[in-house]
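For reference, the structure discussed in these notes is given below.
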Amino acid sequence: MPPTYRNYIDGKWIPSTSCHVIRDLNPADFRDCLGEFPESGPDEISQAVRAAHRAFASWRRVPAPARGEFVARWGELIARDEEALARLITMENGKTLQESKSEVKEAFDFARFMSAQARLIEGSTFPSQHERRLLMTLRQPVGVTALITPWNFPILIPCWKLFPALICGNTVILKPAEECPLAAHRLVELAAEAGLAPGVVNLIHGSGEGTGRTLVKHPGVALVSFTGSTETGRRIAQECALSLKRHVLELGGKNAQIVLADADLTEAVEGAVVGAYKTTGQRCTATSRIIVEQTVAGSFSERFLERTKQIRVGNGLDANVDMGPLVSESRRKRVHAYVEAGRREGAHLLLGGYFYESEPLAQGAFYPPTVFDSVKPGMAIAREEIFGPVICLMEAEDLEAALLDLNNNPYGLSASVYTSNMHTALEAVERIEAGLVYINSPTTGSELHMPFGGVKATGDGHREAGRYGLNIFSEWKSAYINYGRRVSRVELQTPA
Ligand code: NDP
């Protein structure tokens, strides 16, 4: 029997009253069930919100550096358990062990970074237009925060939200994705071990449509921080708009790599392979389109296909494997439906595009690296986020045409340009419509102290990572401090 997991509310692991359970399956072998998680209902959500409210009253008064020390302790425990957490991510999500280790490492590096930031939660002072008056701004916590996260970075994305939320003095309720709840469970166990006060961090399991939606609507939640698909983000924004609730959305991408005729083609091919197939194409920054200047399109395509054929697909725990399975059977069906649509729309399938029929790959959500050429910008595979190892090769006459194709898309998260000309590179950096731009490197590979997020349908303009989380998780307060004996007459005449 697989183990049954509980919610974490007010410092206690509480069994759910719900009779619906969510089975957490290993995507490399569906026969392996890692655990059963509750579909938490409204009563449990209200209990968590009440606990977070009670804890907020005291947590917000804990000095910020002390809140930072708590985050540092949590980070050290994540570092201690690096190997075990990485194995867990691979078993639950499917990505290779090496990728899982990088994810865990970035999580504890981010804890170190954020714990130091706790001493730098700064405000400003301004000169006043009146005598003997001090003007200053200070950051204040927002309150009870709902963190809703996806399955593709099941440790790192929660940490990107948890650590800045906590150092700013908020209390949180984490609702992880139902496809990877065990990583979040382990993460919160470590928070408990680090000694956090009851109610500061709460964990609620369940589906997005059930538990997630109820949590977003709860009147006791002051801020919703969401990472996931654009479709869900829109629904959350609509829900929050009704009660004017603060919300922050980090959404999908349809990222492109441009390869110009003067690029180092070996580097461009390697970059494309990393961008396309790491995490089985399930990164929000994954390369999905490769737009190649016509004169080198033939040789790029030949070399890219050769390199793609070398990708070894299998269980991510095997050190000889380059690419693990997709996260679940439903995601695999969705990716395959896009491949079918590409064929129908007239794109030319060069590689992949099938289900494995023999053991052991037939037992999991494996999907081969898949490459289309003759892709036109209007096709669904060129416009929509596939979130799998599927590449669209496109040709463009020159930089102008390539930029036009790249920007002609609803999303704007990440983009990359391979060129040996610095003028061209800087022109591209300026004109690409995306939150992240890379020159001579893949569309993936952000660093934790840089702002992360996108434009257009990729989000609502906020940025995570770096110090930017502080803007999400704090409110500005403007303070006017009069230290003269009387309020001046002029002051009484000011308009606001
Ligand atoms: P989803 O939008 O399907 O789900 C994300 C989270 O939202 C899950 O926890 C999900 O629950 C929950 N959810 C679903 N519906 C609702 C709802 N109505 N109300 C509240 N919560 C809900 O995204 P995916 O899981 O498919 O994640 C992949 C997506 O995330 C991709 O589009 C990817 O580009 C994007 N992403 C964006 C990043 C960025 O920073 N821009 C980074 C990483 C990923 P459950 O799954 O449990 O049902």
Side-chain angles (χ1 to χ4, degrees), residues 229-231 251-261 263 265 268-269 271-273 275-277 281 283-308 333-354 367-419 424 428 431-434 437 442-443 454-458:
S229 63
T230 296
E231 199 188 336
L251 310 175
K254 183 69 184 176
N255 314 296
Q257 172 178 318
I258 291 178
V259 181
L260 295 173
L265 280 198
V269 167
V273 166
Y277 305 127
R283 292 185 183 201
C284 50
T285 53
T287 308
S288 183
R289 301 174 287 156
I290 306 180
I291 306 168
V292 190
E293 194 166 347
Q294 256 161 15
T295 50
V296 291
S299 57
F300 177 87
S301 160
E302 209 174 289
R303 291 164 74 168
F304 179 68
L305 281 179
E306 267 323 295
R307 191 60 189 80
T308 297
K333 285 189 177 141
R334 190 182 142 101
V335 168
H336 191 64
Y338 271 112
V339 171
E340 295 288 305
R343 278 189 178 127
R344 277 197 307 277
E345 285 185 303
H348 182 204
L349 184 64
L350 298 178
L351 207 65
Y354 53 82
Y367 202 79
T370 297
V371 182
F372 278 106
D373 77 357
S374 312
V375 178
K376 300 287 170 270
M379 293 178 179
I381 53 169
R383 291 188 67 71
E384 295 173 24
E385 186 180 44
I386 301 174
F387 229 52
V390 180
I391 277 293
C392 300
L393 290 176
M394 302 163 78
E395 289 184 23
E397 211 174 302
D398 52 19
L399 174 70
E400 282 304 315
L403 287 176
L404 201 67
D405 281 349
L406 185 145
N407 287 335
N408 180 18
N409 190 272
Y411 295 101
L413 181 53
S414 182
S416 129
V417 180
Y418 279 79
T419 175
T424 313
R431 290 174 56 194
I432 281 173
E433 294 169 7
V437 181
T443 58
V455 302
K456 303 196 282 191
T458 292

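- Looking at residues two or more places apart in sequence or on another chain, you find no side chain to side chain donor-acceptor pair (under 3.5 Å) involving R383.
- Atom CD of E231 has 12 or fewer neighbouring heavy atoms from other residues, nucleotides or ligands inside a 6.0 Å radius.
- Remark: the backbone N or O of G253 is paired with a side-chain donor or acceptor of E385 at under 3.5 angstrom.
- In this view, T443 and T287 satisfy the side chain to side chain donor-acceptor pair (under 3.5 Å) rule, not counting sequence neighbours.
- Nearest heavy atoms, A261 versus T295: CB-OG1, 3.5 Å.
- In this structure R307 satisfies the side chain to side chain contact (heavy atoms under 4.5 Å, CB included) test together with V269, E270, V273, Q310, I311, sequence neighbours excluded.
- Panel note: side chain E433, backbone V455; no donor-acceptor pair is recorded below 3.5 Å.
- Listed by chain and number, the residues in a side chain to side chain contact (heavy atoms under 4.5 Å, CB included) with L404 amount to none (sequence neighbours excluded).
- Between E340 and R343 a salt bridge is recorded (basic side-chain N to carboxylate O distance below 4.0 Å).
- Shown here are the ring pair (Phe, Tyr, Trp, His ring centres under 6.0 Å) partners of F300, two or more places apart in sequence or in another chain: F304.
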side-chain contact (heavy atoms from CB on, under 4.5 Å) for I386 and K254? Distances and angles first, verdict last.
CA-CA 8 Å; I386 301 174; K254 183 69 184 176; 3.8 Å; yes
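- Under the side chain to side chain contact (heavy atoms under 4.5 Å, CB included) criterion, A341 pairs with R344, not counting sequence neighbours.
- Counting all heavy atoms, side chain and backbone alike, A263 lies closest to Y418 at CB-O, 3.3 Å.
- Residues L251 and L413 have side chains not in contact (no heavy-atom distance under 4.5 Å, counting atoms from C-beta outward).
- Counting only residues at least two apart or in different chains, ring-ring contact (aromatic ring centres under 6.0 Å, His included) contacts with residues 334-354 comprise H336-F355, H336-Y367, Y354-Y356.
- Every pair tested for side-chain hydrogen bond (donor to acceptor under 3.5 Å, both in side chains) that includes a residue from residues 403-417 fails, sequence neighbours excluded, so the list is empty.
- The side chain to side chain donor-acceptor pair (under 3.5 Å) search around E293 returns none, not counting sequence neighbours.
- With sequence neighbours left out, the side chain to side chain contact (heavy atoms under 4.5 Å, CB included) criterion links E397 to Q294, A401.
- In this structure, the side chain of N255 engages the main chain of A286 through a donor-acceptor pair within 3.5 Å.
- Under the rule for a ring pair (Phe, Tyr, Trp, His ring centres under 6.0 Å), the partners of F387 that lie at least two apart in sequence or sit in another chain are W151.
- Qualifying side chain to side chain donor-acceptor pair (under 3.5 Å) partners for T458, counting only residues two or more places apart in sequence or in other chains: none.
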